[in-house]
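Please read these numbers as outputs of a predicted model, since none were measured by experiment.
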Amino acid sequence: MLENIDLFKKYNQRDIKDRQLDTLIGLSKGISADGTVVQAEAEYLLTWLQQNSQTEHPIILNLLNKVTQMLEDGVLDQEESVELHKILEQISGEPTALGELAKTSVLPICSPAPKLRFEDKKFLFTGTFAYGTRKQCQEAIAALGGVSIKNVTKDLDYLILGVYVSDSWAHETFGRKIEKAIEYRDAGVPLSIITEEHWISEAGL
């Protein structure tokens, strides 16, 4: 009987997490639909994130941290508005410069996650990262002796998926970069697809 109760709690918690992410995807679509994010929308989003902060979901927690920082001074400036809009587009799975294609699937993360080597290895970032901007991520790779490239090639060693978009892709979309990486990997190219969390852990950042 107790085992059944524990199992129910486990699946109930999973259902809550899924509903939270589905709601966040809907909010992201609504806020980003007109191509901009205004102060009132950012404040509404922050309130929702705070109300749903009792979770282990990395997208919600990282977005809460990001929006909190943006509104720390009470003002969402133009640069922050543009950045937040890009993040919400990624979460919602709406068409962006990455050219995501709408389809249901699961994330193609390598399992088990590989031990990373950095010296002279080629890295490609796709998505939006909790660590910082794309440039900051590339600078971190360079400091570790790695090389950042712009496109998926057969020479690519690691494709890194940003934390903000990982789980939303599992719900709705794959980027073209990811699809190309899957094709190469399935063809035997020694290419690894990993999460931002794994990269940060392996890099000691």
Side-chain angles (χ1 to χ4, degrees), residues 10 13-14 17-18 20-21 24-25 28 49 53 55-66 69 83 86-93 96 98 100 103-205:
K10 176 182 177 181
Q13 289 171 350
R14 182 183 302 171
K17 288 181 181 179
D18 286 343
Q20 284 178 324
L21 185 58
L24 179 58
I25 290 171
S28 299
L49 291 166
S53 61
T55 179
E56 297 178 357
H57 206 297
I59 289 181
I60 292 176
L61 295 178
N62 280 289
L63 185 58
L64 172 59
N65 181 58
K66 193 76 171 179
Q69 291 177 356
E83 182 181 3
K86 289 180 179 179
I87 291 172
L88 296 182
E89 275 195 328
Q90 295 285 344
I91 291 174
S92 69
T96 69
L98 293 177
E100 290 94 350
K103 58 178 69 177
T104 302
S105 189
V106 293
L107 282 168
I109 303 299
C110 291
S111 181
K115 178 70 177 176
L116 302 192
R117 292 186 294 165
F118 293 92
E119 191 69 30
D120 296 326
K121 295 298 179 181
K122 293 182 174 64
F123 293 79
L124 175 62
F125 295 91
T126 189
T128 304
F129 290 75
Y131 177 80
T133 64
R134 192 71 54 85
K135 182 178 179 181
Q136 288 171 325
C137 293
Q138 292 170 344
E139 289 173 347
I141 286 295
L144 292 165
V147 178
S148 293
I149 62 177
K150 295 182 178 180
N151 297 297
V152 176
T153 69
K154 292 183 179 180
D155 293 328
L156 177 64
D157 295 294
Y158 304 104
L159 177 64
I160 307 176
L161 308 186
V163 69
Y164 286 114
V165 295
S166 294
D167 283 356
S168 66
W169 266 325
H171 277 246
E172 293 192 8
T173 59
F174 266 5
R176 288 176 182 167
K177 290 179 182 177
I178 300 176
E179 289 189 327
K180 192 66 175 178
I182 294 172
E183 289 178 13
Y184 283 148
R185 189 178 63 180
D186 290 348
V189 175
L191 182 159
S192 296
I193 302 174
I194 62 174
T195 64
E196 176 183 1
E197 295 96 329
H198 183 61
W199 166 60
I200 288 176
S201 174
E202 288 286 296
L205 299 174

When rounded to the nearest 0.5 angstrom, what distance separates [atom1] in [X] from [atom2] in [Y]?
| X | Y | atom1 | atom2 | value |
| --- | --- | --- | --- | --- |
| I194 | L161 | CD1 | CG | 8.5 Å |
| I160 | E197 | CD1 | CD | 11.5 Å |
| L88 | L63 | CG | CG | 6.5 Å |
| L156 | L159 | CG | CG | 6.0 Å |

**Message:** My understanding is that only residues two or more places apart in sequence, or in another chain, count here; which of them pass ring-ring contact (aromatic ring centres under 6.0 Å, His included) with F118?
**Reply:**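 Only F123 meet the ring-ring contact (aromatic ring centres under 6.0 Å, His included) criterion with F118.
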
**Message:** Between I178 and P108, is there a side-chain heavy-atom distance shorter than 4.5 Å?
**Reply:**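 Yes, their side chains come closer than 4.5 Å.
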
**Message:** Would you say that I59 contacts I91 through its side chain, given a criterion of any heavy-atom pair below 4.5 Å between the two side chains?
**Reply:**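 Touching, per the 4.5 Å side-chain cut-off.
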
**Request:** Could you name each residue pair satisfying salt bridge (Lys or Arg N to Asp or Glu O under 4.0 Å) that touches residues 135-158, not counting sequence neighbours?
**Result:**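 For residues 135-158, and leaving out neighbouring residues, there are no salt bridge (Lys or Arg N to Asp or Glu O under 4.0 Å) pairs at all.
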
**Request:** Please list all pairs passing the salt bridge (Lys or Arg N to Asp or Glu O under 4.0 Å) test where one or both residues lie in residues 182-194, with sequence neighbours left out.
**Result:**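 Of all non-adjacent pairs touching residues 182-194, those that pass salt bridge (Lys or Arg N to Asp or Glu O under 4.0 Å) are K180-E183.
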
**Asked** Does the separation of the ring centres of W199 and Y158 fall below 6.0 angstrom?
**Response**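 W199 vs Y158: aromatic centres not under 6.0 Å.
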
Is there a donor-acceptor pair closer than 3.5 Å between any side-chain N or O of [X] and the backbone N or O of [Y]?
| X | Y | value |
| --- | --- | --- |
| S28 | L24 | yes |
| H198 | L116 | no |
| E196 | F129 | no |

Please report the shortest heavy-atom distance between [X] and [Y], naming the atom on each side.
| X | Y | value |
| --- | --- | --- |
| A181 | I193 | CB-CD1, 3.9 Å |
| S192 | P114 | OG-CG, 3.7 Å |
| L124 | N151 | CD2-C, 3.7 Å |

**Request:** Just jot down the side chain to side chain contact (heavy atoms under 4.5 Å, CB included) partners of S148, sequence neighbours excluded, or say none.
**Result:**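 With sequence neighbours excluded, S148 shows a side chain to side chain contact (heavy atoms under 4.5 Å, CB included) to F125, Q138, I141, given in chain and number order.
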
**Asked** Can you list the residues that meet the side chain to side chain contact (heavy atoms under 4.5 Å, CB included) rule with L61, with sequence neighbours excluded?
**Response**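 So L61 forms a side chain to side chain contact (heavy atoms under 4.5 Å, CB included) with T55.
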
**Message:** Just to verify, what does E83 make a side-chain hydrogen bond (donor to acceptor under 3.5 Å, both in side chains) with, not counting sequence neighbours?
**Reply:**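 Per chain and number, E83 pairs via side-chain hydrogen bond (donor to acceptor under 3.5 Å, both in side chains) with K66.
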
